[in-house]
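Take a look at the structure below.
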Amino acid sequence: MARRKIVAGNWKMNKTPSEAVALVEELKPLVASDDVDVVFCVPAIDIIPVAEAVKGTNIQVGAENMYFEEKGAYTGEISPAMLVDAGVKYVVLGHSERREYFAETDATVNKKVLKAFEHGITPIMCCGETLEQREQGVTMDFIRQQVKIGLQNVTADQAKTMVIAYEPIWAIGTGKTATTEQAQEVCAGIRACIAEVYDEATAEAIRIQYGGSVNAATAPELFAQADIDGGLVGGAALKPDFGKIVNYK
Ligand code: PEP
């Protein structure tokens, strides 16, 4: 069975609530699609107005992070129940910026992945190597570790429904897209890792995105690859280009 493509925008720390609504209104007609799942992952404070603004469209709302506890004395954090109540369906977990600036580890990502599943939120779990790791030839070793730890105690049935985003750190926000061959090779490697940890059926079902300076020009070839099931898009998600990326065919 062919996997349905999923294109998610990661807005990062951009757009105030009123700017967010204006951007949704601009993008709404451009991202209409019957074949691709479209997700806007937006800053926490934008979630409620964006969820309201996308009502009746094909756009689903995602968060950019989430805490792994239910509730309590965790000042500044957002719980899974808060996200669900606000209309969130997806959550980006373990983005390299969160790993770099906010001390996220494979172990905390794993706790968050498990908690997201408990609440029926689909995780978009990010992984990806540094330029140094790529040059040292340890890309796949590093990513396999991120994926295996991130998925500890996740069942095959849960894994089948989730999304993994392969985002080489050297390609994020740099304008340097991985070549199609590099992106396909690693996404195939991630799928092989899933087959080892679970089974072929799980590997066939899980959706693997490429992320890293995806734009309207690079999306068609990237998304045509056998193991690339769409993209996680940063910079271009804030522009009309995002509509072209969704409708890449
Ligand atoms: C991202 O933030 O996940 C990302 C891929 O950013 P960009 O598309 O800007 O490289």
Side-chain angles (χ1 to χ4, degrees), residues 5-15 19-20 23 27 30-31 36-44 46-47 50 59-66 88 90-102 104 106 109 112-113 116 122-131 133-134 139 142-143 146-147 150 162-180 182-184 186-187 190 207-223 225 227-248:
K5 301 273 190 225
I6 175 164
V7 176
N10 171 19
W11 288 16
K12 312 195 186 199
M13 197 174 74
N14 293 296
K15 305 296 171 186
E19 289 168 349
L23 181 60
L27 294 181
L30 307 178
V31 301
V36 174
D37 287 340
V38 179
V39 188
F40 287 6
C41 299
V42 304
D46 296 341
I47 288 171
V50 166
I59 303 164
Q60 297 204 295
V61 183
E64 298 177 13
N65 183 33
M66 182 200 87
V88 164
Y90 291 86
V91 61
V92 177
L93 296 175
H95 191 280
S96 62
E97 287 151 17
R98 295 220 52 90
R99 292 176 190 259
E100 183 178 352
Y101 306 128
F102 304 100
E104 291 254 342
D106 293 336
V109 171
K112 292 180 177 192
V113 167
T122 301
I124 300 176
M125 186 180 86
C126 302
C127 59
E129 82 286 4
T130 62
L131 187 56
Q133 287 165 331
R134 176 158 284 272
T139 295
F142 180 70
I143 288 173
Q146 286 185 317
V147 169
M162 72 182 287
V163 180
I164 294 181
Y166 165 53
E167 299 208 307
I169 294 169
W170 49 272
I172 298 179
T174 57
K176 268 195 211 165
T177 318
T179 65
T180 307
Q182 286 171 326
Q184 161 60 21
V186 176
C187 290
I190 293 170
R207 293 190 289 180
I208 304 176
Q209 296 173 315
Y210 167 77
S213 300
V214 173
N215 59 39
T218 56
E221 203 180 285
L222 285 164
F223 297 177
Q225 301 307 303
D227 291 290
I228 302 181
D229 305 315
L232 182 57
V233 182
L238 302 170
K239 302 183 200 146
D241 240 26
F242 194 63
K244 296 195 184 127
I245 297 173
V246 168
N247 292 293
Y248 65 96

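In listed order, ligands and their atoms are each counted from 1.
Looking at Glu129 and Tyr166, their side chains do bring a donor and an acceptor atom within 3.5 Å of each other.
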One pair to check against side-chain contact (heavy atoms from CB on, under 4.5 Å): Tyr248 and Leu222. What are the steps and the verdict? CA-CA 10 Å; Tyr248 65 96; Leu222 285 164; over 6 Å; no
Can Met13 and Glu97 be said to form a side-chain contact (heavy atoms from CB on, under 4.5 Å), step by step? CA-CA 11 Å; Met13 197 174 74; Glu97 287 151 17; over 6 Å; no
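Within the listing of ligand 1, atoms 1 (C), 2 (O), 3 (O) sit less than 4.0 angstrom from a heavy atom of Asn10. Close contacts between ligand 1 and Glu167 involve ligand atoms 1 (C), 3 (O), 4 (C), 5 (C) [criterion: under 4.0 Å to a heavy atom]. Atoms of ligand 1 found under 4.0 Å from any heavy atom of Gly212 (numbered from 1 in listed order, with element): 5 (C), 10 (O). Near Leu232, meaning under 4.0 Å from any of its heavy atoms, are these atoms of ligand 1: 3 (O), 5 (C).
Between Val163 and Gln209 there is a side-chain heavy-atom pair separated by less than 4.5 Å.
Trp11 and Phe40 have tilted rings, their planes meeting at an angle from 30° to 60° on a 0 to 90° scale.
Among protein heavy atoms, atom 8 (O) of ligand 1 sits closest to Gly234 N, 2.8 Å.
Checking only distances, Gly235 does come within under 3.5 Å of ligand 1, N or O to N or O. Polar contact check, Gly173 against ligand 1: a nitrogen or oxygen pair lies under 3.5 Å apart. Below 3.5 Å of separation, one finds an N or O of His95 facing an N or O of ligand 1.
Crowding of Lys12 atom NZ: a count of heavy atoms from other residues, nucleotides or ligands under 6.0 Å exceeding 12. For Glu221, the CD atom sits in a loose shell: 12 or fewer heavy atoms of surrounding residues, nucleotides or ligands are nearer than 6.0 Å.
The closest approach between Ala171 and ligand 1 falls below 4.0 Å for a heavy atom of the residue. For Ser213, the closest heavy-atom approach to ligand 1 falls below 4.0 Å.
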